[in-house]
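Since the structure is predicted, the reported quantities are computational estimates derived from the model, not experimental observations.
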Amino acid sequence: MAIHGGIAEFDSAIEDWQAYAERLSQYFIANDVVDAVKQRAILLSGCGAKTYKLVKSLVSPQKPTDKTYAELVETLNNHYNPAPAITVSRFKFNSRVRQSSENVAMFISELRQLATKCDFGNSLEEMLRDRIVIGVNDPNIQRRLLAETNLTLK
């Protein structure tokens, strides 16, 4: 069987864990690696010494081989991407103002990204609208937005 592609060691200085895990999943698909034991072996043998040492400490007193591939990926996800406190996420969202070097579309895109961790639920569109009006940082644009009686993001 021919091997398609390759996976380098994980290096948190150049790639986030989520992207590495996604690339690893694509490697499994390209090479028809469906057996979870093989997936775990590829992860543990290819992740690099630093990441393997981290995995060992995260799952201790068990061994990495006692865990499933899915459990190892979840453990590393939780380590590298801990769920931020909603209060912190909302603080970042509500503190964000448009930078002078960024256009409004870029500002909105950044707000949408920040909002993903805020758990706004059904009020997301209203929160985005309000934050755009407050943070647009251009008095002319802000006046035009405030003049709208039924301002929406659409």
Side-chain angles (χ1 to χ4, degrees), residues 1-137 152-154:
M1 177 173 107
I3 296 176
H4 304 286
I7 294 290
E9 292 183 1
F10 173 65
D11 183 354
S12 62
I14 59 173
E15 183 174 33
D16 65 61
W17 171 254
Q18 189 65 38
Y20 184 82
E22 289 170 5
R23 288 191 318 108
L24 191 56
S25 292
Q26 291 305 306
Y27 176 82
F28 293 154
I29 292 168
N31 291 287
D32 295 321
V33 180
V34 294
D35 180 46
V37 174
K38 280 187 177 182
Q39 290 176 347
R40 180 186 64 208
I42 292 169
L43 168 63
L44 293 174
S45 64
C47 66
K50 184 177 175 183
T51 305
Y52 187 81
K53 183 178 177 180
L54 174 64
V55 168
K56 280 183 69 171
S57 70
L58 292 173
V59 301
S60 181
Q62 293 181 300
K63 297 177 184 176
T65 54
D66 294 336
K67 298 290 188 176
T68 65
Y69 170 76
E71 289 171 332
L72 292 172
V73 169
E74 181 179 355
T75 298
L76 287 164
N77 275 340
N78 291 338
H79 174 77
Y80 283 111
N81 303 310
I86 290 177
T87 305
V88 172
S89 297
R90 289 183 178 185
F91 172 81
K92 290 177 182 178
F93 176 84
N94 285 309
S95 299
R96 183 67 163 82
V97 293
R98 186 173 72 95
Q99 305 301 311
S100 59
S101 62
E102 114 188 294
N103 64 37
V104 175
M106 290 169 46
F107 175 57
I108 292 171
S109 176
E110 181 64 23
L111 282 176
R112 285 192 178 280
Q113 179 62 37
L114 289 171
T116 61
K117 299 174 184 158
C118 293
D119 193 30
F120 286 135
N122 292 334
S123 62
L124 172 63
E125 295 297 310
E126 289 178 355
M127 296 301 293
L128 283 167
R129 178 203 62 206
D130 293 351
R131 191 67 234 158
I132 291 164
V133 172
I134 294 165
V136 80
N137 221 9
T152 67
L153 291 179
K154 300 198 180 356

For this session: Report yes or no: does T51 contribute a side-chain atom to a donor-acceptor pair with the main-chain N or O of G48 at less than 3.5 Å?
Result: no
Problem set entry | Side-chain (R98) to main-chain (E102) donor-acceptor, under 3.5 angstrom | yes
Exercise. Any idea how F10 and W17 line up, ring-wise: parallel (<30°), tilted (30 to 60°), or perpendicular (>60°)?
Worked result: perpendicular
Exercise. Is a donor on one side and an acceptor on the other found under 3.5 Å between the side chain of D66 and the backbone of K63?
Worked result: yes
Exercise. Got a second to check how far N77's CG is from D16's CG, nearest 0.5 Å?
Worked result: 9.5 Å
For this session: Please check if the distance between the ring centroids of F28 and Y69 is under 6.0 Å.
Result: yes
Problem set entry | Chi angles and distances behind the side-chain contact (heavy atoms from CB on, under 4.5 Å) call for I86, S89 | CA-CA 5 Å; I86 290 177; S89 297; 5.5 Å; no
Exercise. What's the shortest heavy-atom distance between F93 and L128, and which atoms?
Worked result: CE1-CD2, 3.8 Å
For this session: Among V37, V59, L72, L44, find the one that has a side-chain contact (heavy atoms from CB on, under 4.5 Å) with T65.
Result: L44
Exercise. Please, which pairs that meet salt bridge (charged side-chain N to carboxylate O under 4.0 Å, His left out) have at least one residue in residues 116-132, sequence neighbours excluded?
Worked result: R112-E125
Exercise. Do the side chain of S109 and the main chain of A105 share a donor and acceptor less than 3.5 angstrom apart?
Worked result: no
Seminar exercise, completed: When every non-hydrogen atom of P64 is compared with those of Y52, the smallest separation belongs to CG-OH, 4.0 Å
Exercise. What residue pairs, at least two apart or across chains, pass salt bridge (charged side-chain N to carboxylate O under 4.0 Å, His left out) with a residue in residues 39-61?
Worked result: none
Problem set entry | Donor-acceptor pair, side chain of N31 and main chain of V33, under 3.5 angstrom | no
For this session: Taking all non-hydrogen atoms of both residues into account, name the closest pair between I7 and Y20 and its distance.
Result: CG2-OH, 3.1 Å
Problem set entry | C118 to L114 - nearest heavy-atom pair and separation | SG-O, 3.4 Å
For this session: Would you check if the side chain of S95 reaches a backbone N or O of K92 as a donor-acceptor pair within less than 3.5 Å?
Result: no
For this session: Please report the closest heavy-atom contact between T116 and Q113, naming both atoms and the distance.
Result: OG1-O, 2.7 Å
Exercise. Looking at NE2 of H79 and OG1 of T75, how far apart are the two atoms once the value is rounded to the nearest 0.5 Å?
Worked result: 11.0 Å
For this session: Quick one: pull up SG in C47 and CG in L24 and give me the separation to the nearest 0.5 Å.
Result: 9.5 Å
Exercise. Atom CZ of F120 and atom CZ of R90: how far apart are they, to the nearest 0.5 Å?
Worked result: 5.0 Å
Exercise. Given the rule in the side-chain contact (heavy atoms from CB on, under 4.5 Å) test, do R96 and F107 qualify, once you have shown the distances and angles that lead to the verdict?
Worked result: CA-CA 9 Å; R96 183 67 163 82; F107 175 57; 3.7 Å; yes
Exercise. Are any side-chain N or O atoms of E15 and backbone N or O atoms of S12, one a donor and one an acceptor, separated by less than 3.5 Å?
Worked result: no
For this session: Please lay out, stage by stage, how L76 and L58 fare under the test side-chain contact (heavy atoms from CB on, under 4.5 Å).
Result: CA-CA 8 Å; L76 287 164; L58 292 173; 4.1 Å; yes
